[in-house]
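Taking it in order: structure first as structure tokens, then the write-up.
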Amino acid sequence: MKKRGRFAPTPSGHLHLGNAWTALLSWWQIRSEGGEYVLRIEDIDKARSKPEYAAQLVEDLLWLGIDWDEGPDRGGPCAPYRQSEREERYDDALRRLLQDGWLYPCYCSRSELMKIASAPHGLGSEGPVYPGNCRRLSADEQAEKAAVKVPSMRFAMPDEPLGFVDLLAGRQETVAGSGGDFVVKRADGMFGYQLAVVLDDAAMGITDVLRGYDLLCSTPRQLWLYAALGLKPPQFAHVPLLCGPDGQRLSKRDKSLTLAAIREAGTGAEEVVGQLAWLGGLVERPERMTAREMIGAFDLAKVPSDPVAVSESLLRRLAGE
Ligand code: GLU
């Protein structure tokens, strides 16, 4: 079977060095096996997403040397490639999940959820664990609440552990109900990331998802969604995040590390690609190279599984200082 991978950015800011790192690794993983690559814009959160950012990220990726066979700019058999245009599909799936008993309405208010967030039973890595208040409502209680409030819809995590093998992070054993019941559609109509990403990866025939380590904790939820929907999950590889000399993850907030700023500072794409390939353990020395030149040298087994620190001098150099 032909491999199919994707880069699925949220256009809520400019792409930064950390995004370039995951995008390149994912693209190399697929292209090194002669596979097909998809660009999908995850603009489901309309308040945070901006078309200018989506347009800019296409420019930035092309500048880096990444190309794709299907995407919002060029279409393809799985179009549309913008999540904001796929909502009917999410609604259909939601109806199916509801019929099959996987979802329940949640009437908890923001302030009730805030209280949960500060309660001692803790913050999961995916945010506060929802203690299941509305899962236990009787039909009468539900009807009473439904008369005065539009609910969000939550996925009821099964009470069973779930294990999976991540190509980089290794075998993962997660506890029953891992992360708690999560929202698949908010009361204001916005669909949740977990539902949309699962449906789109499945609909687009994605065989391999390579993304940042911060999303490893979302994977059990997504695997349960695949199971509930009767869909085959892709193979996952969660790559370490890039962090600064202070050990903190590079973030969208650090303006000097956006690809737009790096370009403006006069740094060439080949410099960025060479440095990232070197940080990824794929080459002996950080020499300039094009993204395409690295395809043949890609080997996921060489990519480190611990956070990768970017030195102060490299950050300065990329920022043209
Ligand atoms: N849209 C997500 C993000 O920008 C990535 C989703 C994924 O790779 O699963 O962080």
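Counting starts at 1 for both ligands and their atoms, in listed order.
Ligand 1 is approached by Y193 to a heavy-atom distance shorter than 4.0 Å.
Each of the atoms 1 (N), 2 (C), 5 (C), 6 (C) of ligand 1 lies under 4.0 Å from some heavy atom of E42. Residue V197 approaches ligand 1 through these ligand atoms, each under 4.0 Å from one of its heavy atoms: 9 (O).
The side chain of L215, and not its backbone, has at least one atom closer than 4.0 Å to an atom of ligand 1 (non-hydrogen atoms only; side chain from C-beta on). With a heavy-atom cut-off of 4.0 Å, R6 touches ligand 1 through its side chain alone.
For the atom pair Y226 OH and D201 CG, the distance stands at 4.5 Å (nearest 0.5 Å).
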Which pairs of donor and acceptor atoms, one on a side chain in residues 165-173, lie under 3.5 Å apart (sequence neighbours left out)?
{"unit_1": "D166", "atom_1": "OD1", "unit_2": "L168", "atom_2": "N", "d": "2.9"}
{"unit_1": "D166", "atom_1": "OD1", "unit_2": "A169", "atom_2": "N", "d": "2.7"}
{"unit_1": "D166", "atom_1": "OD1", "unit_2": "H238", "atom_2": "N", "d": "3.1"}
{"unit_1": "D166", "atom_1": "OD2", "unit_2": "H238", "atom_2": "N", "d": "3.3"}
{"unit_1": "D166", "atom_1": "OD2", "unit_2": "H238", "atom_2": "ND1", "d": "2.5"}
{"unit_1": "R171", "atom_1": "NE", "unit_2": "E173", "atom_2": "OE2", "d": "2.7"}
{"unit_1": "R171", "atom_1": "NH2", "unit_2": "E173", "atom_2": "OE2", "d": "3.4"}
{"unit_1": "Q172", "atom_1": "NE2", "unit_2": "A169", "atom_2": "O", "d": "3.1"}
{"unit_1": "Q172", "atom_1": "NE2", "unit_2": "G170", "atom_2": "O", "d": "3.3"}

Just distance, no hydrogens or angles: give the donor-acceptor pairs under 3.5 Å from side chains in residues 57-65, sequence neighbours left out.
{"unit_1": "D60", "atom_1": "OD1", "unit_2": "Q56", "atom_2": "NE2", "d": "2.9"}
{"unit_1": "D60", "atom_1": "OD1", "unit_2": "R263", "atom_2": "NH1", "d": "2.8"}

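Using a 4.5 Å heavy-atom threshold, the side chains of L282 and L25 count as touching.
Judged purely by distance below 3.5 Å, without hydrogens or angles, the side chains of S109 and S111 pair a donor atom with an acceptor atom.
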